[in-house]
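Remarks on the structure that follows.
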Amino acid sequence: MISIEEARHLVLRHAGLLGSEDVPLLQGLGRVVAGDVVAPWNIPLADSSAMDGYAFSAATCHGESVRVVGFLPAGERRDTPLAAGEAVKIMTGAPLPPGSDTVVPIEEVEETVEGIRLRGGIKAGAHVRKAGDDVRMGDQVIVAGTTLRAQEIGLLASLGKVSVSVYRVPSVAIIATGDELVDSDTEPVPGKTINSNSFSLAAQVLECGGRPHILGIAADERKTVCEKIEEALQYDVILTTGGVSVGDRDHVKEAIQSLGGEIVFWKVRMKPGKPVAFALLKGRPVFALPGNPVSAMVAGELFVRPALLTMRGVRNVCRPVVKGTATEGFRNAGERPHVVFVDATLHEGKYVVGSTGRQSSSRLSSMTAGNGYVQLPPGASLEPGDVLDVTLLDTASDRRMDNAAP
Ligand SMILES: Nc1nc2c(c(=O)[nH]1)N[C@H]1C(S)=C(S)[C@@H](COP(=O)(O)OP(=O)(O)OC[C@H]3O[C@@H](n4cnc5c(N)ncnc54)[C@H](O)[C@@H]3O)O[C@H]1N2
Ligand code: MOO
């Protein structure tokens with residue numbers, strides 16, 4: 001059995017960056033930019049007013065009455081230079097006319113019949129946004145590898161971009177295997193289990209920015225599993241769940257091999273999720289995840305997530321890890337590192353961490369009750385008050401109103 005770290009390393013070695021595509025600008029949100037973006041012009045384009053006020057030359061207007069010779073709302077410009085001692089009324093965002101270099105806000109002048117009277121102490125250049133103050137023409141404003149947020153989308157729009165070149169997102173086929181499985185619109189009878197894994201995994205894929213395709217349930221026979229996997233070859237990544245342990249009807253690994261796939265690893269020293277297998281089939285990663293619902297999601301979190309993020313260009317695939325103080329004892333008497341789900345809440349700016357209760361590979365409640373996990377090495381024994389490293393899956397305040405951080 002290999003370690004979690006070795007398995008992740010092997011997965012990442014085989015998770016290649018996908019190609020790029022142009023998408024309409026707004027669809028670029030959350031995507032990773034595939035090429036550097038250079039500014040085709042200055043922002044602002046010209047020296048412009050930062051206030052509703054009066055524009056004039058600080059050198060030629062001091063203190064005395066200034067004649068106001070025009071009005072410049074945003075959206076208009078004046079090419080005729082101002083003469084000495086002249087001003088224009090100007091609105092925020094309008095370009096300064098030639099012959100002016102300073103703006104005084106409306107509130108700071110006295111309006112007279114002929115124009116305005118300035119009070120003293122005006123600084124030359126005040127309330128002017130210089131051309132290129134935000135972005136200079138030719139600047140590299142976004143480098144390849146940047147994940148686009150709302151502010152980058154805004155910046156690209158201001159540079160006239162209507163589309164953006166981003167890395168493709170992986171399409172992911174999801175196959176559930178098991179004779180006991182029924183669809184979630186079926187009322188189950190004892191002996192039958194609703195196929196929940198396809199949905200939890202599809203949701204994890206969406207959270208990673210991938211495109212899930214649920215291909216349904218395959219019966220526990222090699223031929224059927226093979227047919228489903230062949231159908232899945234039109235996608236970038238294949239996930240299967242169930243049938244990967246040592247049971248008489250566990251056919252997934254053999255099915256992958258019979259189609260020409262190479263098993264890169266099978267079984268990882270971890271609990272839950274031990275029987276996970278990773279394979280390459282016709283150039284694409286295949287993750288054969290265990291059937292137990294928590295095992296499938298833990299393997300999804302530890303191995304599928306970093307692979308999908310890497311394929312779509314995300315460089316930092318690590319979750320935030322925070323220090324938290326244990327509110328109870330944590331032990332691992334087993335031989336495999338144990339992923340224990342916890343609830344981490346902020347109290348006076350510090351995290352306190354309790355387990356979500358009984359941890360079992362079949363008990364999704366151990367995950368829904370929390371917002372993170374800790375990895376306990378074999379032999380770990382922590383007392384209340386000890387400090388733990390908690391990997392946050394989300395923050396408590398995202399999930400529960402009553403826990404909102406102050
Ligand atoms: N003799 C051994 N038995 C088992 C071992 C072992 O080492 N030796 N490993 C155990 C561990 S650990 C796990 S995890 C499971 C994984 O087995 P499989 O991947 O073959 O999963 P199945 O047997 O098909 O299913 C296990 C469990 O999960 C339920 N399941 C399956 N698919 C779904 C689904 N799509 N949605 C919801 N629930 C699902 C299934 O009904 C079973 O209850 O093997 C242990 N056994
Ligand atoms: O390793 Mo299994 O995933 O504990 O149930």
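Just follow the structure's listing: the first ligand is 1, and inside any ligand the first atom is 1. Computed from a predicted structure; not experimentally measured.
- Using a 4.0 Å cutoff on heavy atoms, I194 counts as a contact of ligand 1.
- The closest approach between a heavy atom of P275 and any atom of ligand 1 is below 4.0 Å.
- Within 6.0 Å of the CG atom in L17, the count of heavy atoms belonging to other residues, nucleotides or ligands exceeds 12.
- Taking each heavy atom of M91 and K89 in turn, the nearest pair found is CE-CG, 4.0 Å.
- Distance check: K271 NZ to Q375 CD gives 14.0 Å after rounding to the nearest 0.5 Å.
- Separation of atoms CD1 (I238) and NE2 (H213) is listed at 12.0 Å; rounding is to 0.5 Å.
- Close to ligand 2: G273, with a non-hydrogen atom less than 4.0 angstrom away.
- With D236 as the partner, the side chain to side chain contact (heavy atoms under 4.5 Å, CB included) test is satisfied by one option alone out of M311, R211, R312, R284: M311.
- Of the protein's non-hydrogen atoms, N292 OD1, 3.1 Å is the one closest to atom 27 (C) of ligand 1.
- With L148 as the partner, the side chain to side chain contact (heavy atoms under 4.5 Å, CB included) test is satisfied by one option alone out of V32, L29, L156: L156.
- Given atom 2 (C) of ligand 1, the protein heavy atom at minimum distance is V246 CG2, 3.4 Å.
- Residue contact check for ligand 1: S198 places no non-hydrogen atom closer than 4.0 Å to it.
- Residue contacts with ligand 1: G243 is included, with a non-hydrogen atom under 4.0 Å away.
- When the heavy atoms of A277, S245, S362 are ranked by distance to atom 9 (N) of ligand 1, first place goes to S245.
- Of the N or O atoms in K274, one or more lie within a sub-3.5 Å distance of an N or O in ligand 1.
- The pair E301-R319 meets the salt-bridge criterion, since a charged nitrogen lies less than 4.0 angstrom from a carboxylate oxygen.
- With a heavy-atom cut-off of 4.0 Å, R336 touches ligand 2 through its side chain alone.
- Relative ring orientation between Y373 and F341 is described as perpendicular, the plane-to-plane angle rising above 60° on a 0-90° scale split at 30° and 60°.
- Contact annotation for P272 and ligand 2: heavy atoms of both the backbone and the side chain come within less than 4.0 Å of the ligand.
- With hydrogens left out, the protein atom closest to atom 40 (C) of ligand 1 is E180 OE2, 3.0 Å, a heavy atom.
- Distances from atom 29 (C) of ligand 1 to the heavy atoms of G242, G291, A288, S200 put G291 nearest.
- Looking from atom 5 (O) of ligand 2 to the surrounding protein, the closest heavy atom is S361 OG, 2.7 Å.
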